[in-house]
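To keep things clear, I will list the structure first and then write my remarks on it.
As the structure is a computational prediction, the values presented were derived from the model and not from experiment. Order of listing sets the numbers, starting from 1, for every ligand and every atom in it.
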Amino acid sequence: MDKERKFFLRRKIGVLYGGWSLEREISLRSGACIIESLKKQNFKVRGIDVDKNFTRKLKNIDVAFIALHGRPGEDGMVQGILEFIGIPYTGSGIIGSAISMDKIISKYIFTAKGIPTPDFYYKEHIDIDKIFEQLKVPIVIKPRAEGSSVGVTIVETKKEFEKALKKTLRKFRDLYFEQYIPGMIATCGIINEIPLPVLEIVPKKRRFYDYTSKYTHGMTEYIIPARIPEKKYKKVQDFALTAHKAIGASGFSRVDCVLDYNYNAYVLEVNTIPGLLYESNLPIEARAIGLTYDELIFEILKTSLMRF
Ligand SMILES: Nc1ncnc2c1ncn2[C@@H]1O[C@H](COP(=O)(O)OP(=O)(O)O)[C@@H](O)[C@H]1O
Ligand SMILES: [Mg+2]
């Protein structure tokens with residue numbers, strides 16, 4: 001048995017899941033899969049549903065496997081608490097987590113690093129005419145800091161825009177507007193600073209990869225490796241790794257992209273804690289290089305080693 005496995009077999013692992021973001025349900029499902037996998041591998045593991053008093057539940061753990069999606073959890077807050085009380089944890093640190101949760105700051109960084117990202121409008125005052133001057137329809141309305149496609153709407157006309165804007169503003173205060181790129185949806189996971197094969201995502205029944213297509217079996221077709229000509233395929237992996245590093249992520253992540261009809265990639269965002277259900281994107285990508293779900297979970301657990 002390798003040294004690292006022995007190291008973790010002697011430790012108590014707390015899987016942090018739940019939380020109260022809009023992605024709570026997904027986190028519960030990711031958490032259940034991770035716990036099952038760690039138990040199967042004979043690790044001592046306990047699930048910790050993160051609530052406002054969760055620090056009390058951390059007393060008897062040696063390492064935290066963070067399976068929280070959205071805010072708080074994926075945004076550096078939980079990472080900060082763990083650093084403060086001295087518990088090593090998986091994945092990205094405070095800054096990488098905070099930056100990747102903020103899609104506007106992420107886009108500024110992508111641009112500064114020469115990583116293509118769709119053109120966007122973000123201003124304190126929302127001037128609809130200006131938006132329609134700057135961007136062509138379709139336009140994507142997006143919350144600045146959500147995940148799982150929550151709050152994402154694609155609109156074709158000014159009328160649709162106004163209606164969707166009103167509705168979205170009721171739930172999310174901070175929005176931006178992005179140029180819709182027709183073509184392919186693709187994601188590229190990173191593990192230990194190495195890009196995985198690119199996964200092509202084809203929603204079968206919906207306009208885009210929305211919440212329902214993400215989490216309903218059979219609604220989406222996944223193709224791996226993505227059908228992208230070799231040079232452009234390599235570019236997606238390069239952009240993904242550059243984006244991962246640029247926002248300060250570490251250990252693992254999954255970078256979401258869209259490609260135009262000429263296979264030019266645009267990076268949408270970096271997810272520092274991507275979904276980890278058995279059939280989530282990152283596990284599919286890992287499987288494509290021969291890494292089973294259990295092996296992937298162990299790889300992710302090992303990303304905490306740098307914090308011991
Ligand atoms: N600019 C865009 N062009 C085309 N599709 C987009 C664009 N932005 C978002 N989408 C669609 O919406 C989905 C979610 O967008 P993303 O930026 O990844 O946010 P989330 O954090 O909610 O996953 C994408 O997978 C894609 O299907
Ligand atoms: Mg995404």
Side-chain angles (χ1 to χ4, degrees), residues 21-23 25-27 30 68-71 73-75 97 99-107 110-111 115-122 131 134-156 161 164 168 171-172 174-190 198-216 219-223 226 236 239-240 243-244 247 249 253-276 280-282 285:
S21 80
L22 293 169
E23 292 178 275
E25 284 311 309
I26 306 310
S27 169
S30 285
L68 294 156
H69 308 308
R71 284 184 301 171
E74 198 175 350
D75 61 347
S97 303
I99 294 177
S100 74
M101 198 72 233
D102 187 325
K103 291 181 179 163
I104 296 298
I105 304 219
S106 294
K107 281 171 85 75
F110 298 157
T111 309
I115 303 163
T117 185
D119 193 9
F120 67 108
Y121 176 101
Y122 178 74
I131 295 170
Q134 188 191 324
L135 306 173
K136 296 190 291 280
V137 288
I139 293 171
V140 192
I141 301 179
K142 286 188 183 184
R144 179 172 178 172
E146 289 300 333
S148 285
S149 300
V150 174
V152 175
T153 318
I154 298 169
V155 296
E156 301 277 356
F161 183 97
T168 316
K171 284 201 199 137
F172 310 97
D174 213 357
L175 304 180
Y176 67 106
F177 310 97
E178 191 171 72
Q179 183 59 60
Y180 178 79
I181 309 284
M184 184 190 289
I185 306 163
T187 91
C188 180
I190 309 283
V198 179
L199 177 69
E200 176 182 345
I201 294 167
V202 189
K204 284 202 287 203
K205 299 189 177 130
R206 315 283 280 202
R207 166 88 199 262
F208 71 106
Y209 196 36
D210 64 0
Y211 189 91
T212 312
S213 347
K214 280 181 180 171
Y215 303 112
T216 317
M219 293 275 289
T220 304
E221 193 181 336
Y222 297 96
I223 299 164
V236 177
F239 288 145
H244 166 97
I247 61 122
S253 75
R254 196 198 72 227
V255 182
D256 290 347
C257 305
V258 283
L259 279 72
D260 66 18
Y261 291 121
N262 294 316
Y263 303 101
N264 296 312
Y266 298 81
V267 172
L268 296 178
E269 57 156 354
V270 178
N271 299 286
T272 48
I273 312 180
L276 289 170
S280 290
N281 297 347
L282 189 73
E285 294 170 12

Output the list of atoms in ligand 1 that are nearer than 4.0 Å to some heavy atom of [X], sorted by atom number.
| X | value |
| --- | --- |
| Tyr209 | 13 (C), 25 (O), 27 (O) |
| Ile185 | 25 (O), 27 (O) |
| Lys214 | 23 (O) |
| Glu178 | 1 (N), 2 (C), 7 (C), 8 (N) |
| Val140 | 1 (N), 2 (C), 7 (C) |

Which residue and atom name correspond to the protein heavy atom nearest [atom], and how close is it?
| atom | result |
| --- | --- |
| atom 6 (C) of ligand 1 | Val258 CG1, 4.1 Å |
| atom 3 (N) of ligand 1 | Ile181 N, 2.9 Å |
| atom 21 (O) of ligand 1 | Lys103 NZ, 2.6 Å |
| atom 17 (O) of ligand 1 | Lys142 NZ, 2.7 Å |
| atom 16 (P) of ligand 1 | Glu269 OE2, 3.7 Å |
| atom 12 (O) of ligand 1 | Phe208 CD1, 3.1 Å |
| atom 24 (C) of ligand 1 | Leu268 CD1, 3.9 Å |

Using modelled atom types only, decide if a donor and an acceptor are shared between the side chain of Asp102 and the backbone of Ser100 within a distance under 3.5 Å. no
Short N-O contact, Lys107 and Glu269, less than 4.0 angstrom: no
Tell me which N, O or S atom of Glu269 sits nearest to the Mg ion (ligand 2).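 In Glu269, the heteroatom (N, O or S) nearest the Mg ion (ligand 2) is OE2.
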Looking only at N, O or S atoms, which one in Asp256 sits nearest to the Mg ion (ligand 2)? OD2
Compute whether any side-chain donor of one residue and acceptor of the other, for Thr117 and Glu178, lie under 3.5 angstrom apart. no
Answer with yes or no whether the side chains of His69 and Ser30 bring together a donor and an acceptor at under 3.5 Å. yes
Evaluate the side-chain contact (heavy atoms from CB on, under 4.5 Å) criterion for residues Cys188 and Phe239: first the C-alpha distance (whole Å), next the side-chain angles of each, then the deciding distance (0.1 Å), finally the verdict. CA-CA 9 Å; Cys188 180; Phe239 288 145; over 6 Å; no
Any chance you could lay out the salt bridge (Lys or Arg N to Asp or Glu O under 4.0 Å) test for Glu156 and Arg207, step after step, and finish with the verdict? CA-CA 12 Å; Glu156 301 277 356; Arg207 166 88 199 262; 3.0 Å; yes
Which residue is it: Ser149, Ser280, Ser148? I am looking for the one with a side chain to side chain donor-acceptor pair (under 3.5 Å) to Tyr215.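 When Ser149, Ser280, Ser148 are each tested with Tyr215, the side chain to side chain donor-acceptor pair (under 3.5 Å) holds only for Ser148.
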For Ile181, the option from Leu268, Asp260, Asp119, Val140 that meets side chain to side chain contact (heavy atoms under 4.5 Å, CB included):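 When Leu268, Asp260, Asp119, Val140 are each tested with Ile181, the side chain to side chain contact (heavy atoms under 4.5 Å, CB included) holds only for Asp260.
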Is it the side chain (CB and beyond), the backbone, both or neither of [X] that lies under 4.0 Å from ligand 1, heavy atoms counted?
| X | answer |
| --- | --- |
| Glu146 | backbone |
| Ser149 | both |
| Ser148 | backbone |
| Gln179 | backbone |
| Met101 | neither |

Taking C-beta and beyond as the side chain, do Asn264 and Pro116 meet within less than 4.5 Å on heavy atoms? no
Does a side-chain heavy-atom distance below 4.5 Å link Leu259 with Glu200? no
Check the pair Val236 / Tyr263 against side-chain contact (heavy atoms from CB on, under 4.5 Å), numbers first and verdict last. CA-CA 9 Å; Val236 177; Tyr263 303 101; over 6 Å; no
I'd like to know whether the aromatic ring centres of Phe161 and Phe177 sit less than 6.0 Å apart in this structure.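 For Phe161 and Phe177, the ring centres are under 6.0 Å apart.
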